[in-house]
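Protein chains get the first letters and strands the later ones, always in sequence-line order, with residue 1 at the start of each.
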2 protein chains.
Amino acid sequence: MANLGCPLKGGAGKRTGSPINIGGLLANLPLFQQLRESEIVNLAAAAREIGLSKGQILFQRGTLLDGFYVVVQGQVKLAFSSPQGHEKVVAIIEPGQSFGEAMMFLEKPCPVFAQALADTHLLYIAKRGIFAAIDHDSAFARRMLAGLSIRLRSLIHDVEDYSLHSSTQRVIGFLLHLAGTPDSGSATLELPTSKHVIASRLNLTPETLSRILHDLSESELIAVKGRHITVLDMARLRQFDDLLPPSHPLCDKSG
Amino acid sequence: MANLGCPLKGGAGKRTGSPINIGGLLANLPLFQQLRESEIVNLAAAAREIGLSKGQILFQRGTLLDGFYVVVQGQVKLAFSSPQGHEKVVAIIEPGQSFGEAMMFLEKPCPVFAQALADTHLLYIAKRGIFAAIDHDSAFARRMLAGLSIRLRSLIHDVEDYSLHSSTQRVIGFLLHLAGTPDSGSATLELPTSKHVIASRLNLTPETLSRILHDLSESELIAVKGRHITVLDMARLRQFDDLLPPSHPLCDKSG
DNA sequence: TCGGAAGTTTGATGTAAGTCAAGGCGCGCA
DNA sequence: TGCGCGCCTTGACTTACATCAAACTTCCGA
């Protein structure tokens, strides 16, 4: 097991104010937790640091990725934009999460663009490092496969959400997700970014999101204070989700 | 390179009328094309044949998959159903294509169910066979990763389609996809299954699909005869796609 | 402390697509 | 040959959500 505190220095001197420990960061990531120290060293050699300031574009749609990215600090959004200037956020990447693996393996133009939502600190890991790790260690290959599978499953979840659930149900799902484990009682949470971005992530307009949060407040299911939201009763909020459709008696074929 | 015509017989005698050559089938699949013959033999040992009749359910949502499936003949749909009895088709799997890999790697309940759209002949390949191949051959692992990446990319495409394109645009995209390569002139195509299923795949109701096809016919962009559709002018149909949004001048911020 | 830009809310209105309900068409089967 | 049953189409109506426009809030920098 790689020593998390090992004093590896990232490649040659990069443009970093603080001399950050690339190996240590890598070893902390879920994907790389079980790598041997020597393998971490190799990966670190294929990695470099990237700093982005808020709003900066990392890559545009159509870019060929020769590696993938890990967020160390900050936040990155993946989105596509329509010719009409509309924008749809596909994912919000938080520290510890990675993105771009699939497009790295595919060697096809990336269908989304990536933009920093805040000042952000990334690691870029070149393809060769990953391929070496795969060749070295089939367990690593399996973990990589599991990683992509998780991504796939969450995309399928999104598709289900968009096609089968109402906008209110999507918002509730999102809130429950943010609130995390507590199955009942109240929970408090903080929206990870602006409501504008979250609305897009949920496939709705800021106006609609605002109205839905308002309605949920009126029903005393949640309390909203800026980005701070309190779920007053997890169980009741979850029910509300199931409760909505019946009000529109659609294909109830019972006779 | 594996001999496509090699006289491998599938494991012990299965419930097959025709004694089908599992090894040969496997060797033909994109995923397994570059495997050595010995590896094909191993995979074949982990595989078995499955026959489904039209309408039969292969597995329900929530099933744990201990392997994945390859369609040899026929057609399988992957879909989820809402509590209200609605159904959303995620994918239509054609001969030569596979499904279930991601959920096999994840070891989590499958979020969709699988149902045969026609009498269908499948191969089931147990996890152990794939894991052995991965351990044996890192190039195979890479191909598996590329395979999942393709799947991921096409799901992202779906998400883009659902969130950014109108229903007419989605239908046009689908038709262009089916029509294939010809960049201009006319092309003829056959819908792969009933309009009901295709509508669901495109996230719209049968009524809406019917109306859209009608409108496209009226505009003399296509001609519809049952499941048989002729795209009269590929280029013009593609344009129509771009042409639609301007008719609804939305966020054009030019002064 | 003020000013102003960005983010958010609220209200009035529009519309794409869904729903409901008949009716037509094609096709297998008697 | 004609009957009956799915599949598809057509029309009238509904609705969830988007759009447009304007006011309000927050927060930061001068």
Within a strict 4.5 Å, meaning less than it, do heavy atoms of the Ser186(B) and Val231(B) side chains meet? no
Please determine if Asp158(B) and Arg170(B) form a salt bridge, counting it only when a charged side-chain N lies under 4.0 Å from a carboxylate O. no
Rounded to whole angstrom units, what separation is found between the NE2 atom of His165(B) and the C1' atom of dA17(C)? 17 Å
Between Glu94(B) and Gln75(B), does a side-chain hydrogen bond (donor to acceptor under 3.5 Å, both in side chains) hold up when you go through it step by step? CA-CA 5 Å; Glu94(B) 304 275 350; Gln75(B) 227 172 24; 3.0 Å; yes
Is there a donor-acceptor contact under 3.5 Å from the side chain of Lys77(B) to the main chain of Ile93(B)? no
Any idea which heavy atoms bring Gln169(A) and Ser166(A) closest together, and the distance? OE1-N, 2.7 Å
Lys54(A) NZ to dA5(C) P, straight-line distance once rounded to whole Å: 17 Å
Euclidean distance, atom CD of residue Glu87(A) to atom P of dG7(C) [Å, nearest integer]: 12 Å
DNA chain D contacts made by residues 201-216 of chain B, counting heavy atoms under 4.0 Å: Glu207(B), Ser210(B), Arg211(B), His214(B)
Report yes or no: does Ser217(B) contribute a side-chain atom to a donor-acceptor pair with the main-chain N or O of Leu213(B) at less than 3.5 Å? yes
Kindly point out which of dA17(C), dC17(D), dG7(C) is positioned nearest to the side chain of Arg170(A)? dC17(D)
Can you tell me the distance, in whole Å, between the NZ atom of Lys88(B) and the C1' atom of dG18(C)? 15 Å
Heavy atoms within less than 4.0 Å of DNA chain C: which residues of residues 155-162 of chain A have one? Give them sorted by number. none
Sub-4.5 Å side-chain heavy-atom contact between Glu160(B) and Val112(A): no
Take the protein atom NE2 of His196(B) and the nucleotide atom C1' of dC25(C), then report the distance between them rounded to whole Å. 19 Å
Which of parallel (below 30°), tilted (30 to 60°) and perpendicular (above 60°) describes Phe99(B) and Tyr69(B)? parallel
Contacting residues from residues 219-226 of chain A, given that a heavy atom lies under 4.0 angstrom of DNA chain D: none
Check against side-chain contact (heavy atoms from CB on, under 4.5 Å), Ile156(A) and Leu152(A): CA-CA 6 Å; Ile156(A) 288 191; Leu152(A) 225 146; 4.2 Å; yes
How long is the line joining NZ of Lys195(A) and P of dC27(D), in whole Å? 11 Å
Separation between OG1 of Thr188(B) and CG of Leu178(B), rounded to the nearest 0.5 Å: 11.0 Å
Minimum-distance pair of heavy atoms, taken over all atoms of Val70(A) and Ser98(A): CG2-CB, 4.0 Å
